[in-house]
Protein chains: 2
Amino acid sequence: MVTGMEQKENGRAGRGAGRGTYAVGDERRLRILDAAVEHFAQWGFHASSLARIAKDVGITQGGLLHHFRSKEDLLVQVLERTEQQDAERFFGKDFATAAECYASLLRLTEYNAARLGRTRMFNVLAAEAGDPGHPAHPYFVRRYAELVSVMSASLRRSVESGELRDGTDVAAMAEETAAVMDGLQIQWVLDPKGFDMVSRFRAYADRLLRSITTEGTGLPEQS
Amino acid sequence: MVTGMEQKENGRAGRGAGRGTYAVGDERRLRILDAAVEHFAQWGFHASSLARIAKDVGITQGGLLHHFRSKEDLLVQVLERTEQQDAERFFGKDFATAAECYASLLRLTEYNAARLGRTRMFNVLAAEAGDPGHPAHPYFVRRYAELVSVMSASLRRSVESGELRDGTDVAAMAEETAAVMDGLQIQWVLDPKGFDMVSRFRAYADRLLRSITTEGTGLPEQS
DNA sequence: GTCTATAAGGGGATAGAC
DNA sequence: GTCTATCCCCTTATAGAC
């Protein structure tokens with residue numbers, strides 16, 4: 001959460017503590033990005049204010065615009081940073097099996113459940129980006145395409161190894177799974193204490209894998 | 001979609017065509033509500049502008065505020081109206097069985113797939129309302145509680161009749177199903193032409209009902 | 001690297017004319 | 001029922017001092 005923070009402290013403070021201006025400037029940049037996440041989460045992109053974000057970091061709007069040339073630039077860099085974090089953490093290597101893929105998605109769900117601001121931001125921006133004119137629209141279109149692509153590849157490997165039934169519509173399965181994760185996040189953000197997002201996703205993944213595994217009952221799969 | 005509309009036309013125009021001022025005033029009110037849906041969909045609540053909404057209806061901001069005393073009042077009335085439409089259409093009577101419940105949810109999905117603006121608005125507002133200070137926060141908290149309650153009741157009846165296995169966690173199932181619908185809507189709004197939301201939901205509902213039905217294979221259900 | 005000042009514009013809500 | 005005028009506040013981006 002963005003708490004008050006030292007609002008009267010000038011940017012000059014803390015200079016002497018660091019090793020050099022580079023490290024200090026870089027840390028300030030990261031603090032701006034963190035604050036921006038919280039503001040995009042609460043206000044969305046359009047209604048967020050550079051001055052309010054800057055205030056949370058302890059600088060002025062003019063000072064913020066030294067690090068990011070525009071509001072849209074700030075949004076892009078926020079998205080790039082979070083995507084890089086996700087990619088390294090959960091999609092670093094391709095998944096050998098469907099079970100491995102879903103185990104990683106469960107860890108991602110646990111990770112999201114520990115970061116309210118970040119998750120709330122993704123809910124809001126993914127919804128806002130439905131507008132084709134939204135600056136994050138291309139990002140989210142690409143993001144879902146990549147997510148479905150990575151998941152489909154791992155599911156296809158499981159089909160080829162005989163773990164999953166032949167004829168499984170792997171893309172449809174990936175899209176459904178992405179939907180479950182997003183939808184659970186919506187409900188979780190509305191009630192972070194009361195709604196158990198992780199348990200719900202685990203239950204979904206377990207039931208899904210069981211129902212399409214070749215060890216199963218031979219029920220026909222859906223398209 | 002909100003198209004340009006007669007921007008220079010004064011509110012006085014068309015007065016003579018109607019039967020009386022009541023009907024005309026009421027129709028104007030509905031047009032404002034329709035325009036507001038599109039604006040909340042594109043901009044969210046905070047970044048929407050009463051002047052821009054009024055412009056789409058062909059009046060000024062001052063004229064709009066004659067019908068709605070504030071921006072928040074407009075939001076509340078938009079939500080009340082859409083909820084009333086949903087309730088009448090899809091939750092008019094309690095569902096006797098789980099299959100009946102899911103058949104109705106499938107019709108709701110088809111209905112949503114025919115109304116891009118309305119669905120986009122719900123995506124954006126449901127995400128924004130994650131902020132406890134958002135004017136729609138109480139509405140969405142209540143909305144999900146009621147949805148889960150109605151679905152759980154119908155599922156419980158199916159458990160009692162032996163259609164569903166004993167011990168099924170009906171609330172968890174309802175929450176998961178709501179999540180699937182919301183998540184599919186996110187992806188659909190990002191690509192309304194290419195993403196087949198209805199097929200995805202049908203596949204989900206079919207597989208879910210099959211995997212928890214007593215006619216099934218006796219697999220243990222998830223919590 | 002951050003500040004202040006400024007430009008040029010938009011925001012919601014109110015008041016009173018018609 | 002709608003308009004216009006007004007109040008006071010907020011918005012992004014730029015320019016130049018330090």
Side-chain angles (χ1 to χ4, degrees), chain A residues 5-33 35-36 39-40 42-77 135, chain B residues 5-33 35-36 39-40 42-77 135:
Chain A
M5 294 199 174
E6 54 309 81
Q7 185 175 322
K8 273 299 167 205
E9 175 195 351
N10 283 344
R12 209 153 269 108
R15 264 254 171 88
R19 290 278 165 77
T21 52
Y22 177 78
V24 172
D26 219 52
E27 199 223 308
R28 169 119 314 169
R29 225 186 131 268
L30 292 179
R31 297 220 354 229
I32 294 171
L33 289 170
H39 281 260
F40 290 150
Q42 178 167 12
W43 300 96
F45 173 71
H46 296 297
S48 285
S49 145
L50 295 179
R52 285 196 301 256
I53 295 171
K55 198 175 167 190
D56 275 355
V57 185
I59 60 176
T60 63
Q61 185 229 15
L64 189 154
L65 283 172
H66 171 77
H67 298 276
F68 304 91
R69 56 188 62 178
S70 72
K71 190 183 178 184
E72 196 165 324
D73 182 42
L74 176 58
L75 173 67
V76 167
Q77 297 205 37
Chain B
M5 293 199 173
E6 52 314 75
Q7 182 175 328
K8 272 300 168 203
E9 176 195 348
N10 283 343
R12 207 152 272 109
R15 263 258 172 83
R19 288 279 164 77
T21 51
Y22 177 77
V24 173
D26 219 51
E27 200 222 309
R28 170 120 314 171
R29 224 185 131 269
L30 292 179
R31 292 220 304 158
I32 294 171
L33 288 170
H39 281 260
F40 290 148
Q42 178 166 14
W43 299 96
F45 172 72
H46 296 298
S48 285
S49 145
L50 295 179
R52 285 195 303 256
I53 295 171
K55 200 175 167 189
D56 275 354
V57 186
I59 60 176
T60 62
Q61 184 228 18
L64 190 155
L65 283 173
H66 170 77
H67 298 276
F68 304 91
R69 56 188 62 180
S70 72
K71 190 183 178 184
E72 195 166 323
D73 182 42
L74 176 58
L75 172 67
V76 168
Q77 297 206 36

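Chain letters run A, B, ... following the sequence lines, proteins first, then strands; residues in each count from 1.
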Counting only side-chain nitrogens and oxygens, does Ser49(A) get under 4.0 Å of the OP1 or OP2 atom of dT11(D)? yes
Phosphate contact (dT2(D) OP1 or OP2) by Arg28(B) side-chain N/O below 4.0 Å: yes
Do His66(B) and Ile59(B) come close enough that some side-chain heavy atom pair is under 4.5 Å? no
Within a strict 4.5 Å, meaning less than it, do heavy atoms of the Ile53(A) and Leu64(A) side chains meet? yes
Can you check whether Leu75(B) reaches Lys71(B) side chain to side chain, under 4.5 Å on heavy atoms? no
Distance col, row Leu50(A):CG vs Leu74(A):CG, nearest 0.5 angstrom, shows 6.5 Å
Look at the side-chain N and O atoms of His67(A) and state whether any lies under 4.0 Å from the OP1 or OP2 oxygen of dT2(C). yes
Using only side-chain N and O atoms of His66(B), determine if any of them is under 4.0 Å from OP1 or OP2 of dT2(D). no
Considering only dT14(C), dT2(D), dT2(C), which nucleotide approaches the side chain of Leu65(B) most closely? dT14(C)
Are Asp56(B) and His39(B) packed together at the side-chain level, in the sense that at least one heavy-atom pair is separated by less than 4.5 angstrom? yes
Of the options dA13(D), dG12(C), dC10(D), whose atoms approach the side-chain atoms of Lys71(B) most closely? dG12(C)
Let's see if you can work this out: which of dT2(C), dC10(D), dG1(D) has an atom nearest to the side-chain heavy atoms of Arg52(A)? dC10(D)
For a quick check of understanding: with a heavy-atom distance under 4.0 Å over all strands, which category does Leu50(A) fall into, base, sugar-phosphate or nothing? sugar-phosphate
Give a yes/no on whether any side-chain N or O of Arg69(B) is located under 4.0 angstrom from OP1 or OP2 of dT14(C). no
Shorter than 3.5 Å, N or O on both sides, protein versus nucleotides 4-9 of chain D: list them out with atom names.
none

